[in-house]
Amino acid sequence: MTESYDFKNLEAKWQSLWAESREFEVTEDPTKPELYCLEMLPYPSGGGIHMGHVRNYSIGDVVARYKRMSGYNVLHPIGWDSLGMPAENAAIQHKAHPARWTLNNIKKMRAQLKRMGYSYAWDREVTTCLPEYYKWNQWFFLKMMERGLVYRQKGKVNWCPNCQTVLANEQAEGGHCWRCETEVEEREQEQWFFKITAYADRLLEDMSQLVPNWPENVLTMQRNWIGKSVGVRIGFPVVDSNYKVETFTTRIDTIYGATFLILSSEHPLIGKLIEGSPEKERVLSFIERQKSLSYKDRIAAAACKEGVFTGSFAYNPFTNKLIPIWVANFVLIEYGTGAVMGVPAHDERDFEFALQYGLPIKVVIQPPGEESDGAQLDQAYTGEGVLVNSGEFNSLPSPVAIERMTEYIVQQGIGQRNVDYRLMDWGISRQRYWGTPIPIVYCPKCGTVPVPEEELPVLLPEIKEITGTGGSPISQVEEFVNTKCPKCNEPAWRETDTMDTFVDSSWYHLRYTDAKIDTKPLNPEAVDYWMPVDLYIGGIEHAVMHLMYFRFFNKVLKDMGLVKVDEPVVHLLTQGMVIKDGAKMSKSKGNVVEPKELIERYGADSTRLFCLFAAPPEKDLDWNDQGIEGCYRFLSRLWRIANKYIPSIRNLEELPKDARLSAEAKKLRVKTHQTIKKVTIDIEERMHFNTALSSIMELVNELYRFDLAGEINPDSLKVVKETIQALVLLLSPFAPHLCEELWQRMGNPNKITFASWPIYNAELATEEKITVVVQINGKLRSRLTVDSQASDEEIKREAMADKKVLTYLQGKKIVKSIYVPKKLINIVVK
RNA sequence: GCGAAAGUGGCGGAAUUGGUAGACGCGCUGGAUUUAGGAUCCAGUGGGUAAUUCCCGUGGGGGUUCGAAUCCCCCCUUUCGCACCA
């Protein structure tokens, strides 16, 4: 009777041994190649770790363990992104103390991660909600301020007039307050900003360093997010006034086709334009309607283009003709100048708008080799072409016209060259409790005064009750608000906004390199040793915002001399979502799978395995409950056959490379070496763990087939040993507990953590026979089994002599044949 | 709406560079073992067909090619992001 696979005891045993030996702690060792494997740190929510975490961290752990076995000094840290709204919401909803709630969750989740057997350097844990961490957020804020990268300006917030408080977008979904259903208003409020736009060009240009190690789709999204556009600013003089409507365009070559102007509903000029106009009331009510929508809803509503005429006209500075000025919902104040010239013939949105309101459409660009006019246009032509109806610029191709017209504008002083970005500065102010206090004091005499460095941290005050109403919670704590001006020592008050939590996650990876240093935020030697991060793994949902802020911080820190690298991350892996029954797991849908239950039932190794086996990392993972059972079965299968052979193979010597073997044993040996090759490539080059695992499964199946043949002689047993050894080593990054146990039972005195990754022998991985397929007119008609050493001529000769092939060739004429060496022959016949 | 992806058997997926579609796993079917059930081991399993036969087949439609899941065009569906969720 063989011993059953008792994952519970086995996993507990190895977890405590790893903890005891501080197995995964590392020091900066200049004699070893270093590798920094980083996963996005979790938010310690009340629900504990979820499948998304398990997937993320299982992927990272495979890489960390694999690299350790490949001789790298591996930094693999974890921490807690522990400031943020959920803690505050818990406090509002069930009066949980945010600090206690958060620290409890951390405790729970730490135990869960340990129970998964992840190989973290636990001595480097970072907890962002502790003053020892957020103190340095404040320090960075001050340093950025010194560098002119911080400013205060009015910014929009969602405001609930009933709760008298600012709402997050998710609390204002559908335009109603999450607590009281009151309609949400948009309000302007003074906010702190980081000047990320000052780095727009560098963020854009340095992306070239990220190719090809960042996914192309992430780079594209970032590029589009920055949205650099090169064009001109040009003013349209308003009739009977001194005002000009400033517009920005990248397609100045289309200006002769500008038959109207469109302003955003928040454009400052509107008031003046409609003064005394019969359209005034209609415009005002349109603006009111726009105001009542949140930013997100407004964007959604802009799908249906809507607008009103202001009653005013402007001159088109090129045609000198009068064109009407409109206000419309699809022009945003945030972008460009908040006003655009409407060129319906050559812009889709303008075209749609013009059709809807019967505005003139004038063709000024002709597609190469085509003629078109407004009458027969059924859609806008947005490409480049040759100019027509454009006065002295006629017959110029677009790019030339753009340059000439730009020169003309500059000469005439009616506009300038301009580069515009879609990227906006990073608003970091939050009117919330559970965040980093912004280190600023307002003094009636001295104005806005930064808190001196020596006075950091500005501690988040204790607070009795968070109500979620009445403005920023810490503004109600008098002892906090009332202070003395650091400059003149007179009474002053503190800033009560806290920071966006994206600040915390912008530099935590640097803190991991020395999480204990308390005299400064970072230890330069440690940073230089470990940075850049070699592999960063996290959800695709962070493709733009987090990863943009993360890159921005790195660049600022580089300019401060704190980091040497241009880019923080060499290789990025974005994992897909964990889906069940076709939908994202969520409590409201009731399709949540709890990792806790899986671990209890199947163990950590099986749980890890399924997450890695079910899909490649970048794709969404569709959860199904039976899948994990298959992984559990597979581990049990390996457990049984390994234990069956271990007593008879543990003391065997290594099998020489050129040993003469039976056909069966040879087959197993070839498969073993092929598997080592395949798994190594899959991890190292493709990070496709699902196919790595499937080939490991194939090798186990092969071993069972061999076992069934019942061949027992010393050399065959040595092959079995080679196979089992390879299996245990190859699988150990995926299922570390089971493999540690088998490794030990095979008589290895040291843990598998630092065992050497197996190396395949190319000669032994080569099969003796290969299959070449024969196609007739692209259809598969026959397969040839030939010696792998056979020459191309031999293979071709054999194909032409093949019985099945001959029947297809009868009465036909061979037109040509295509030969793909050692793979395929396609004979084209007529 | 804008930006970015994905779609292959009953299911998750494989096919790495345009060259054997469906590896591996789940499920299902049959067999062995067992007092029985479970577990285990072996075999089969895209659809159609009497067939190891031929035909069809990678969301739908069109195209390029000797050859397309893979490249191009159009359409449909799903997912992610859109700046205060993290």
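Note on naming: letters A, B, ... go to the chains in the order of the sequence lines (proteins, then strands), and numbering restarts at 1 for each one.
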Problem - side chain to side chain donor-acceptor pair (under 3.5 Å) partners of residues 814-830 of chain A, not counting sequence neighbours, each pair once - result: A/Asp792-A/Tyr819
Completion exercise
Taken in chain and number order and not counting sequence neighbours, the residues that satisfy salt bridge (charged side-chain N to carboxylate O under 4.0 Å, His left out) with A/Asp500 are A/Arg430
Exercise for the section: Check each of A/Trp426, A/Phe552, A/Tyr421, A/Phe194 against A/Tyr199 using the ring pair (Phe, Tyr, Trp, His ring centres under 6.0 Å) test, and report the only one that passes. Expected result: A/Phe552
Practice task
To the nearest Å, give me how far apart CD1 (A/Ile540) and P (B/C82) are.
Solution key: 12 Å
Problem - Between B/C56 and B/G9 - C1' atom distance, rounded Å - result: 14 Å
Exercise for the section: Write down the distance separating the P atoms in B/G22 and B/U53, rounded off to the nearest Å. Expected result: 15 Å
Practice task
Write down the distance between CG (A/Leu332) and C1' (B/C82), rounded to a whole number of angstrom.
Solution key: 11 Å
Practice task
Flag the pair A/Arg187 / A/Lys156 as yes when at least one side-chain heavy-atom distance between them is below 4.5 Å, and no otherwise.
Solution key: no
Practice task
Please measure how far the C1' atom in B/G81 lies from the corresponding atom in B/C66, and state the result in whole Å.
Solution key: 44 Å
Handout entry: NZ/NE/NH1/NH2 to OD/OE distance under 4.0 Å, A/Glu767 and A/Lys671
Key = no
Practice task
Let me have RNA chain B in dot-bracket notation, would you? Count Watson-Crick plus G-U wobble pairs, both distances under 3.5 Å, and use [ ] for pairs crossing earlier ones and | for inter-strand partners.
Solution key: (((((((..(((......[....)))((((((.......))))))(((.....)))..(((((..]....))))))))))))....
Practice task
Would you please indicate if the ring centroids of A/Phe550 and A/His542 are separated by under 6.0 Å?
Solution key: no
Practice task
Compute the ring centroids of A/Trp623 and A/Phe610, then answer whether they are less than 6.0 Å apart.
Solution key: yes
Handout entry: Rounded distance (Å) that lies between atom P of B/G81 and atom CE of A/Met221
Key = 10 Å
Practice task
Can you sort out the partners of A/Asn105 under side-chain contact (heavy atoms from CB on, under 4.5 Å), two or more places apart, ordered by chain and number?
Solution key: A/Pro44, A/Trp101, A/Lys108
Completion exercise
Expected string for nucleotides 40-52 of chain B under the B/S/- scheme (protein heavy atoms, under 4.0 Å, primed atoms plus P, OP1, OP2 as sugar-phosphate) is SSS----------
Exercise for the section: Calculate the interatomic distance between A/Arg422 atom CZ and B/G3 atom C1'; express it in whole Å. Expected result: 7 Å
Exercise for the section: Please measure how far the P atom in B/G57 lies from the corresponding atom in B/G67, and state the result in whole Å. Expected result: 15 Å
Practice task
Using only side-chain N and O atoms of A/Tyr421, determine if any of them is under 4.0 Å from OP1 or OP2 of B/A83.
Solution key: no
Practice task
Would you indicate what A/Phe689 reaches in the nucleic acid, counting non-hydrogen atoms under 4.0 angstrom: base, sugar-phosphate, or nothing?
Solution key: nothing
Exercise for the section: Name the residue closer to the 5' end of RNA chain B, choosing between A/Asn224 and A/Asp425 according to the nucleotide with the nearest heavy atom. Expected result: A/Asn224
Exercise for the section: Under the side-chain contact (heavy atoms from CB on, under 4.5 Å) rule, collect the residues that match up with A/Val773, sequence neighbours excluded. Expected result: A/Leu780, A/Arg783, A/Leu824
Exercise for the section: For nucleotides B/C24 and B/U79, find the distance between their C1' atoms and express it as a whole number of Å. Expected result: 26 Å
Problem - Heavy atoms of other groups near A/Arg601 CZ, more than 12 under 6.0 Å - result: no
Side-chain atoms of residues 629-636 of chain A: list all donor-acceptor pairs with protein atoms under 3.5 Å, sequence neighbours left out, distances to 0.1 Å.
| from | atom 1 | to | atom 2 | distance (Å) |
| --- | --- | --- | --- | --- |
| A/Glu629 | OE1 | A/Tyr602 | OH | 3.0 |
| A/Ser636 | OG | A/Tyr632 | O | 2.8 |

Practice task
Could you give the distance separating B/C41 and B/U34 at their C1' atoms, to the nearest angstrom?
Solution key: 13 Å
Completion exercise
Under a 4.0 Å heavy-atom criterion, the protein footprint on nucleotides 5-23 of chain B, written with B, S and -, is S-S----BSSSB--BB--B
Exercise for the section: Send over the distance from A/Glu629 CD to B/G38 C1', rounded to a whole Å. Expected result: 12 Å
Handout entry: Atom P, compared across B/G60 and B/G7: separation rounded to whole Å
Key = 13 Å
Problem - Atom-to-atom span, CG of A/Leu547 to P of B/C82 - whole angstrom - result: 13 Å
Exercise for the section: Answer yes or no: is there a donor N or O on one side and an acceptor on the other, between the side chain of A/Tyr133 and the main chain of A/Tyr508, under 3.5 Å? Expected result: yes
Practice task
Examine A/Arg637 relative to A/Tyr704 and say whether NZ or CZ is less than 6.0 Å from the centre of the six-membered ring and inside a 45° cone about the ring axis.
Solution key: yes
Problem - Those residues that, when tested against A/Asp420, pass side-chain contact (heavy atoms from CB on, under 4.5 Å) (two or more places apart) - result: A/Ser229, A/Arg233, A/Phe248, A/Tyr335, A/Asn418
Exercise for the section: Take atom CZ of A/Arg55 and atom P of B/C80, then tell me their distance rounded to the nearest Å. Expected result: 14 Å
Practice task
Kindly check if the number of other-residue, nucleotide or ligand heavy atoms within 6.0 Å of CD (A/Gln189) is above 12?
Solution key: yes
Problem - Test item: A/Asp425 side-chain N/O and A/Ile196 main-chain N/O as donor-acceptor pair under 3.5 Å - result: yes
Enumerate all atom pairs, one protein N or O and one N or O from nucleotides 84-86 of chain B, separated by less than 3.5 Å.
| from | atom 1 | to | atom 2 | distance (Å) |
| --- | --- | --- | --- | --- |
| B/C84 | OP2 | A/Arg430 | NH2 | 3.1 |
| B/C84 | O4' | A/Arg430 | NE | 3.2 |
| B/C84 | O4' | A/Arg430 | NH2 | 3.4 |
| B/C84 | O3' | A/Asn169 | N | 3.3 |
| B/C84 | O2' | A/Asn169 | N | 2.5 |
| B/C84 | O2' | A/Asn169 | OD1 | 3.2 |
| B/C84 | O2 | A/Arg432 | NH2 | 2.2 |
| B/C84 | N4 | A/Ser429 | O | 3.3 |
| B/C84 | N4 | A/Gln431 | OE1 | 2.8 |
| B/C85 | OP2 | A/Asn169 | N | 3.3 |
| B/C85 | OP2 | A/Glu170 | N | 3.0 |
| B/C85 | O4' | A/Glu170 | OE1 | 3.1 |
| B/C85 | O4' | A/Glu170 | OE2 | 3.4 |
| B/A86 | OP1 | A/Met85 | N | 3.2 |
| B/A86 | O3' | A/Asp81 | OD2 | 2.3 |

Exercise for the section: Tell me which of A/Glu348 and A/Met697 sits closer to the 5' end of RNA chain B, going by the nucleotide each one is nearest to. Expected result: A/Glu348
Short heteroatom pairs, N/O only, protein and nucleotides 68-77 of chain B, under 3.5 Å:
none

Handout entry: Whole-Å C1' distance, B/U58 and B/G18
Key = 15 Å
Handout entry: Set of residues satisfying salt bridge (charged side-chain N to carboxylate O under 4.0 Å, His left out) with respect to A/Asp707, sequence neighbours excluded
Key = A/Lys644
